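The structure appears right after this line, and notes come after that.
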Amino acid sequence: MYGNSSPFASHGQRASNMYNRVGVETDVLQASPHRLVQLLLDGAHDAMTQSLGAIRAGNVEAKGRALSKAVRILDEGLKAALNPAAGTLALDLRDLYAYMSMRLTYANLHSDIVAVEECQRLMQPIREAWATIAPASTEQRVAA
């Protein structure tokens, strides 16, 4: 009933939550731009996975929180970081992220598992491609 940030959560739950938050903040502060995008992609995927569990469990609050997080990552993180002047790929990604945000909002309103799973399927090739180019970008920095 009460989340980890609740004053009614156990001390251990709050400490664990704080420890996890410090770990994420440290990773973000030390991350390369490539790693930041990877963190955003992973965060959106994880939030969608959490929403699926919440929908299946009938937990409306957790579903709303997870889907809102996924939409914010898409809109305020991934879409906002794109440079439309970079060309067609950036514009296509912008449109895809907008579509996914719309579908996740629909999923939130209707507890639609199919819409969430669709967004996960759409995001998976992007996550895989991004992970694939990581070693190449690291090698370029070393060679420079």
Side-chain angles (χ1 to χ4, degrees), residues 1-10 12-141:
M1 181 169 155
Y2 299 107
N4 287 344
S5 62
S6 167
F8 301 106
S10 74
Q13 288 174 321
R14 287 193 305 265
S16 175
N17 190 34
M18 289 171 57
Y19 177 79
N20 289 337
R21 186 174 301 159
V22 168
V24 170
E25 289 174 4
T26 301
D27 198 11
V28 168
L29 291 173
Q30 297 175 352
S32 67
H34 185 275
R35 176 73 178 135
L36 289 174
V37 171
Q38 185 176 14
L39 289 170
L40 290 170
L41 291 167
D42 291 346
H45 180 268
D46 291 348
M48 286 185 249
T49 299
Q50 290 169 5
S51 75
L52 289 172
I55 291 170
R56 290 182 179 114
N59 188 335
V60 176
E61 181 184 349
K63 171 200 70 170
R65 192 172 41 250
L67 288 172
S68 294
K69 180 179 180 180
V71 169
R72 287 190 69 198
I73 290 170
L74 287 166
D75 286 341
E76 298 173 20
L78 293 167
K79 193 165 73 169
L82 293 171
N83 178 5
T88 306
L89 179 59
L91 296 174
D92 289 346
L93 283 171
R94 180 196 63 195
D95 293 344
L96 178 62
Y97 295 152
Y99 173 78
M100 291 171 62
S101 293
M102 179 190 67
R103 290 294 288 155
L104 292 175
T105 300
Y106 177 87
N108 196 6
L109 292 171
H110 301 283
S111 295
D112 189 336
I113 288 174
V114 173
V116 177
E117 290 173 340
E118 174 191 6
C119 292
Q120 284 188 311
R121 280 191 308 276
L122 290 169
M123 183 169 278
Q124 191 57 33
I126 298 167
R127 289 178 70 214
E128 290 171 1
W130 198 255
T132 301
I133 65 171
S137 64
T138 304
E139 290 171 14
Q140 288 175 352
R141 272 186 281 165

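These numbers were taken from a predicted model, which means no experiment stands behind them. These values consider heavy atoms only, across backbone and side chains, with no hydrogens, waters or symmetry-generated copies.
Inter-residue side-chain proximity for Met123 and Leu78 is flagged as met; some heavy-atom pair is nearer than 4.5 Å.
Here salt bridge (Lys or Arg N to Asp or Glu O under 4.0 Å) pairs that include residues 74-86, with residues two or more places apart or in two chains, are Arg72-Glu76, Asp75-Lys79.
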Scan the side chains in residues 37-55 for donor-acceptor partners under 3.5 Å anywhere in the protein, sequence neighbours excluded, and list what turns up.
unit_1	atom_1	unit_2	atom_2	d
Gln38	OE1	Arg35	NH1	3.4
Asp42	OD1	Arg127	NE	3.2
Asp42	OD1	Arg127	NH2	2.9
His45	ND1	Arg127	NH1	3.4
Thr49	OG1	His45	O	3.1
Thr49	OG1	Gln120	NE2	2.8
Ser51	OG	Met48	O	2.6

Side-chain donor-acceptor distances from residues 107-119 under 3.5 Å, at least two apart:
unit_1	atom_1	unit_2	atom_2	d
Ser111	OG	Lys63	NZ	3.0
Asp112	OD1	Val114	N	2.9
Asp112	OD1	Ala115	N	3.1
Glu117	OE2	Arg56	NH2	3.2
Glu118	OE1	Arg103	NE	2.8
Glu118	OE1	Arg103	NH2	3.0
Glu118	OE2	Tyr99	OH	2.7

Taking only distance into account, with no hydrogens and no angle test, what donor-acceptor pairs under 3.5 Å do side-chain atoms of residues 86-98 form with protein atoms, sequence neighbours excluded?
none

